[in-house]
Amino acid sequence: MNFDLTDDQLAFRDAARAFAEKAMAPHAAEWDAEHFFPVDVIREAGDMGLCGIYTPEAQGGMGLSRLDTSVIVEELAAACPSTAAYITIHNMATWMVATFGNDHVKEAIAPRMTSGEWLGSYCLTEPGAGSDAGSLRTRAVPDGDDYVLNGSKVFISGAGSTQMLVVMARTGAPDSGARGISAFAVPADSEGIHYGKAEEKMGWNSQPTRQITFENVRVPAKNRLGDEGEGFRIAMKGLDGGRLNIATCSLGGAQAALLRARNYMHERQQFGQALGGFQALQFKLADMATNLVAARQMVRLGAYRLDEGHAEAPMLCAMAKRFATDACFDVCNDALQLHGGYGYIREYPLERYVRDLRVHQILEGTNEIMRMIIARRILEPGVAEAIQ
């Protein structure tokens with residue numbers, strides 16, 4: 001068992017860190033304050049291959065592992081968790097298009113997404129079907145060489161500023177559940193697509209979030225991903241990696257917060273000594289560092305198991321998402337507390353990290369849903385033994 005990163009992974013990490021420190025970190029506070037979506041920077045990331053990190057090379061991606069991806073994304077998130085999170089959502093959508101699309105999709109759509117020329121949005125959640133994705137109501141009805149799409153999606157990252165939508169819609173009977181869902185690559189400017197207002201959010205302000213309404217939108221049948229009825233399976237496969245991605249974004253934010261807290265404890269004087277001289281605060285910093293390392297190891301274990309196709313990879317991804325997003329939010333919150341009143345003002349980035357990381361406990365399946373996934377699997381015979 002070797003916990004060291006490979007030479008390639010160290011090179012990926014260093015390149016991602018250099019890009020993040022130059023192109024993202026100096027502007028992150030401004031993007032947050034002005035609710036600015038840095039499309040040009042994201043496309044610059046695409047020039048480095050970061051818009052198709054784990055998409056197959058045949059479709060223009062880098063073809064890296066999920067473990068490699070985690071190493072890269074953590075560095076991006078240390079600079080700006082919100083922008084890094086959008087980049088991971090784009091990567092998930094791109095991987096789904098390139099993996100499950102037919103030859104037309106792989107040749108005409110996937111390379112433009114891996115390059116960053118086209119940005120993507122992932123459209124699963126609906127107003128009445130958040131955690132219960134199997135009950136979604138958006139419908140796609142065959143009509144000649146097309147499907148006609150009607151319905152709505154909510155909380156869609158990048159909506160209104162992206163070029164391709166990966167949409168989950170019901171092609172089966174209304175009571176067909178998860179078995180009646182199919183996936184489609186839908187051009188974002190198709191006639192009949194309407195975008196709602198940009199939501200005012202607690203965090204994640206460097207990426208727009210909107211509702212999308214589909215009104216008799218015609219989608220070519222050749223843009224379907226996989227066979228009819230495979231959409232829910234495709235969505236869940238995407239979300240295994242997506243949960244690791246969001247957990248990794250939490251790692252990056254927490255690592256940045258930990259470093260700032262450590263430096264502040266050296267610099268700040270109270271009662272005649274540096275904060276680092278107070279044992280109670282030393283203990284706080286020790287717990288922060290310990291929980292961050294534990295979270296990172298869980299994420300990397302989940303990524304490793306997903307790469308090797310382990311039977312329990314979905315559960316381990318859910319575990320990593322649940323633990324890392326909770327633990328890393330606490331690290332950021334504790335770092336803010338260690339800064340006292342300064343942590344609460346926007347001159348320091350701690351309050352932004354807290355706001356950005358809070359949503360990670362909700363999206364890609366709430367942490368309550370992660371507990372359900374884990375518990376149901378652990379109750380199965382032999383599973384608890386299999387992860388020993």
- Message: Grouping I, L, V, M, F, W and Y whenever their side-chain heavy atoms are under 4.5 Å apart, do Val354 and Ile246 come out in a common cluster?
- Response: no

Verify, without hydrogens or angle tests, whether [X] (side chain) and [Y] (backbone) share a donor-acceptor contact under 3.5 angstrom.
X      : Y      : result
Glu215 : Gly192 : no
Asn223 : Val186 : no
Lys222 : Asp146 : no
Arg243 : Glu364 : yes
Thr114 : Pro111 : yes
Ser190 : Val217 : no

- Does the separation of the ring centres of Tyr86 and Trp204 fall below 6.0 angstrom? no

Would you give me the side-chain donor-acceptor pairs under 3.5 Å for residues 277-292, sequence neighbours excluded?
residue, atom, partner, partner atom, Å
Gln282, NE2, Gly276, O, 2.8
Thr290, OG1, Ala286, O, 2.8
Asn291, ND2, Asp287, O, 3.3

- Say whether Thr138 and Glu126, considering side chains only, have a donor N or O and an acceptor N or O under 3.5 Å apart. yes

For a quick test of your reading: what N or O donor-acceptor pairs under 3.5 Å do the side chains of residues 62-80 make, sequence neighbours left out?
residue, atom, partner, partner atom, Å
Ser65, OG, Leu67, N, 3.4
Ser65, OG, Asp68, N, 2.9
Ser65, OG, Asp68, OD1, 3.4
Ser65, OG, Asp68, OD2, 3.1
Asp68, OD1, Gln9, NE2, 2.9
Asp68, OD2, Ser65, N, 3.2
Thr69, OG1, Ser65, O, 2.8
Ser70, OG, Thr248, OG1, 3.0
Glu74, OE1, Arg296, NE, 3.3
Glu74, OE2, Arg296, NE, 3.2
Glu74, OE2, Arg296, NH2, 2.6
Glu75, OE1, Arg17, NE, 2.9
Glu75, OE2, Arg17, NH2, 3.1

- Message: Assess the residue pair Glu191 and Arg218 against the criterion (salt bridge (Lys or Arg N to Asp or Glu O under 4.0 Å)); give the C-alpha distance rounded to whole Å, side-chain angles, the decisive distance to 0.1 Å, and a yes or no.
- Response: CA-CA 8 Å; Glu191 185 177 353; Arg218 301 194 73 85; over 6 Å; no

- Is it true that Arg371 and Asp326 have a side-chain N and a carboxylate O under 4.0 angstrom from each other?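 Looking at Arg371 and Asp326, the cut-off is met.
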
- Task: Taking only Lys NZ, Arg NE, NH1 and NH2, and the carboxylate oxygens of Asp or Glu, determine whether Arg210 and Glu199 approach each other closer than 4.0 Å.
- Result: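 No, Arg210 and Glu199 are not salt-bridged.
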
